[in-house]
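The sequence lines fix the lettering, A, B, ..., with proteins before strands; numbering per chain opens at 1.
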Protein chains: 2
Amino acid sequence: MQKKDKMEPTSDDQQVPERCGTCAIRQSGICSVLTGEDVDRLSDIAYHRQYRPGETILLYDDSPDFLAAMRSGVVKLSKVLLDGRQQIVSLLFPPDFLGGIFSRPTPYFAHAVTDVELCCFRRANFESMLKDQPEMSRHMVEHSLDKLNTAHDWMVLLGRKTAEERVASLLYLLVTRSKLMRVGDTQVETANTGFEVHLKREEMADFLGLTYETVIRQIKALNNENIIRLNGRREFSVPDVAALAKAAG
Amino acid sequence: MQKKDKMEPTSDDQQVPERCGTCAIRQSGICSVLTGEDVDRLSDIAYHRQYRPGETILLYDDSPDFLAAMRSGVVKLSKVLLDGRQQIVSLLFPPDFLGGIFSRPTPYFAHAVTDVELCCFRRANFESMLKDQPEMSRHMVEHSLDKLNTAHDWMVLLGRKTAEERVASLLYLLVTRSKLMRVGDTQVETANTGFEVHLKREEMADFLGLTYETVIRQIKALNNENIIRLNGRREFSVPDVAALAKAAG
DNA sequence: CGTTCGCTTGAGCCTTTTCAACCACTGTGG
DNA sequence: CCACAGTGGTTGAAAAGGCTCAAGCGAACG
């Protein structure tokens, strides 16, 4: 059940406590295209926001006046039908991008899944920056294109995969992401990768187009087949990543 | 069944027979951001390509050296699983955009659904144009964002809608589009709108995440409920567009 | 210490798929 | 001109995968 969380972030907005130079996503975010003094200018106009799990970051049809890069945590984007049926359309991880671009009304709900830290810019600031930095537009296009492609991949999952393949696909996505988060850029193929799933069963279901009971049963099935091992409610480990990938279809 | 169509367009490439000024998509395509002599420059570097129904326009993992705006027709983008399961991830209409941007390998197959006419640019030409025309980047971002949003909407359909709602949604999409194609910009709410569906039943199914038998049965059901009327295999009319929208969920 | 929330399990049902047959139409070659 | 094959569309019957409903359990929390 979605509580009526207040939309304002948990803590008050605050000036960036550290300069961008030392930021975790400095190498990969939209800011990665900037150099030298441009980064300093960015530091001046950027501010941070934090959210607790479950809090609403953006409402459907909202017109937020800020955009943000994710510094940490996981955000889910979801759409809802009139009768309440819900579908998560995207999971966002650092250094993904979020917020009101070109004064478009937000076409989804955005909720924090974990503790989330955003690095925000006022829209006016950002758009003037876009003008000065043509490289930034390109980054935006590439980012949108990536997102479009992952959405397409998920459409294949939703349209054509079995329940077991769907769950395997999600777990595969999460191992991959959690590895990337830990190691950095390079994809290392470690054996027996353990990781924590931040989503509750119901959220997995809403992402996979299933019911949560089915998710539970398929997790169990994958466990019985030794493709995954669940060590707790939310703790998984994957003995053989390739086997999981295969199970994902 | 996908024939091994040759990838080359039906007719040889040809210089644009008409100048861009009189082009059907001049007002709405990527070219719409250009003015005056820039349009003339565009006319010089643009060329046209044509495809027959079923022909392959782009192969998965291909790296085409051109990009294109659709001038007429319908294109489907699809992805395929190892075992052959197929999902159409997008339908493209004029003035949609297509091709190899920023030297990314194409992440889908593109096939002509109807006769298709493209207006093409060599990638090098296009990218230099992007540099000169900052407005064009913005157009690209907006276009990608639109596409991303329609993909998200389709994810809701694939994840959460019933078979009947899916079929209704597709038909609703097609009435809307065909009306837009006929009338221009404004959405007129005409009663009893007739239109032709260019997709075969199997393609509808691949777009909707269903089997073609189910598509047939749901079309029949919608017909029995008088939400649509099928006048031929591919000819439909919609007595009440609002009723169809409601059936689409 | 009772309540709530997230999770799990079982049983039966229902929607959609699968499988199989058949029809209408079109183009082709004997 | 007709036989025949191929393609797209339709229908029915049976099977199955996933959903619904109902109950119970453990941990967290006020």
Side-chain angles (χ1 to χ4, degrees), chain A residues 1-3 5 52-54 81 83-87 111 113-114 157-170 196-224 228 230-236 247 249, chain B residues 1-5 52-54 81 83-87 111 113-114 157-171 196-224 228 230-236 247 249:
Chain A
M1 188 57 54
Q2 208 58 59
K3 292 191 246 43
D5 295 312
R52 316 278 335 257
L81 259 25
D83 61 2
R85 280 174 289 176
Q86 190 166 148
Q87 176 69 41
H111 294 278
V113 172
T114 62
L157 177 146
L158 293 172
R160 289 302 181 210
K161 289 190 181 177
T162 65
E164 185 172 334
E165 288 171 329
R166 294 184 199 203
V167 173
S169 297
L170 176 56
E196 188 192 342
V197 171
H198 303 289
L199 301 168
K200 42 183 101 156
R201 300 291 187 256
E202 190 184 14
E203 290 172 316
M204 297 192 207
D206 285 342
F207 196 24
L208 296 173
L210 300 169
T211 60
Y212 63 87
E213 295 98 325
T214 301
V215 170
I216 289 168
R217 289 176 181 121
Q218 299 305 333
I219 288 175
K220 200 181 179 185
L222 288 169
N223 187 55
N224 292 341
I228 61 165
L230 62 169
N231 310 314
R233 295 268 157 87
R234 304 277 184 99
E235 267 85 54
F236 291 76
Chain B
M1 189 57 52
Q2 208 60 61
K3 292 192 267 341
K4 277 182 202 154
D5 294 314
R52 318 275 337 255
L81 259 25
D83 61 2
R85 280 174 289 176
Q86 190 166 150
Q87 176 69 41
H111 295 277
V113 172
T114 62
L157 177 146
L158 293 171
R160 291 300 180 212
K161 289 190 182 177
T162 65
E164 184 172 334
E165 288 171 330
R166 293 184 199 202
V167 173
S169 297
L170 176 57
L171 294 177
E196 189 192 341
V197 170
H198 302 288
L199 301 169
K200 42 184 101 157
R201 301 290 187 257
E202 190 184 15
E203 291 172 316
M204 297 192 206
D206 284 342
F207 196 26
L208 296 173
L210 300 169
T211 60
Y212 62 86
E213 294 98 326
T214 302
V215 170
I216 288 169
R217 289 176 181 123
Q218 299 306 332
I219 288 175
K220 200 179 179 185
L222 288 168
N223 187 55
N224 292 341
I228 61 166
L230 62 168
N231 310 314
R233 295 268 155 89
R234 303 279 185 100
E235 268 86 55
F236 292 76

(request) To the nearest 0.5 angstrom, please state how far the OG1 atom of B:Thr162 sits from the CG atom of B:Leu157. (result) 9.0 Å
(request) Respond yes when some side-chain nitrogen or oxygen of B:Arg234 is under 4.0 Å from OP1 or OP2 of D:dG8, and no when none is. (result) no
(request) Compare side-chain N and O positions of A:Lys220 against OP1 and OP2 of C:dT9 and report whether any pair is under 4.0 Å apart. (result) yes
(request) Answer yes or no: is there a donor N or O on one side and an acceptor on the other, between the side chain of A:Arg166 and the main chain of A:Leu208, under 3.5 Å? (result) yes
(message) Given 3.5 Å as the limit, does a donor-acceptor pair link the side chain of A:Arg160 with the main chain of B:Leu210, or not?
(response) yes
Round to the nearest Å and state the distance from [X] atom [atom1] to [N] atom [atom2].
X	N	atom1	atom2	value
B:Met204	D:dG8	CE	P	13 Å
A:Glu235	C:dG6	CD	P	17 Å
A:Asn223	C:dC7	CG	P	16 Å
A:Leu199	C:dG6	CG	P	13 Å
A:Glu202	C:dT4	CD	C1'	14 Å
B:Leu230	C:dA24	CG	C1'	15 Å
A:His198	C:dG6	NE2	P	17 Å
A:Asp206	C:dG6	CG	C1'	14 Å

(request) Taking all heavy atoms of B:Phe207 and all of B:Leu158, pick out the closest pair and write down the distance. (result) O-CD2, 3.8 Å
List every contact pair, protein side and nucleotides 15-22 of chain C side both N or O, where the distance is under 3.5 Å.
unit_1: C:dT16; atom_1: OP1; unit_2: B:Ala163; atom_2: N; d: 2.8
unit_1: C:dT17; atom_1: OP2; unit_2: B:Thr211; atom_2: N; d: 3.4
unit_1: C:dT17; atom_1: OP2; unit_2: B:Thr211; atom_2: OG1; d: 3.2
unit_1: C:dT17; atom_1: OP2; unit_2: B:Thr214; atom_2: OG1; d: 2.4
unit_1: C:dT18; atom_1: O4; unit_2: B:Arg217; atom_2: NH1; d: 3.4
unit_1: C:dC19; atom_1: N4; unit_2: B:Glu213; atom_2: OE2; d: 3.1

(request) Taking salt bridge (charged side-chain N to carboxylate O under 4.0 Å, His left out) as the test, write out the residues that go with A:Arg85, two or more places apart. (result) A:Asp83, B:Glu165
(message) Go nucleotide by nucleotide along DNA chain D from the 5' end; which of B:Arg201 and A:Arg233 gets its closest nucleotide reached first?
(response) B:Arg201
(request) Test A:Val197 against every option in A:Met204, A:Glu203, A:Glu235, A:Arg233 by the side chain to side chain contact (heavy atoms under 4.5 Å, CB included) rule and name the one that passes. (result) A:Met204
(request) Could you check A:Arg201 against A:Glu213 for side chain to side chain contact (heavy atoms under 4.5 Å, CB included), going step by step and ending with a plain yes or no? (result) CA-CA 8 Å; A:Arg201 300 291 187 256; A:Glu213 295 98 325; over 6 Å; no
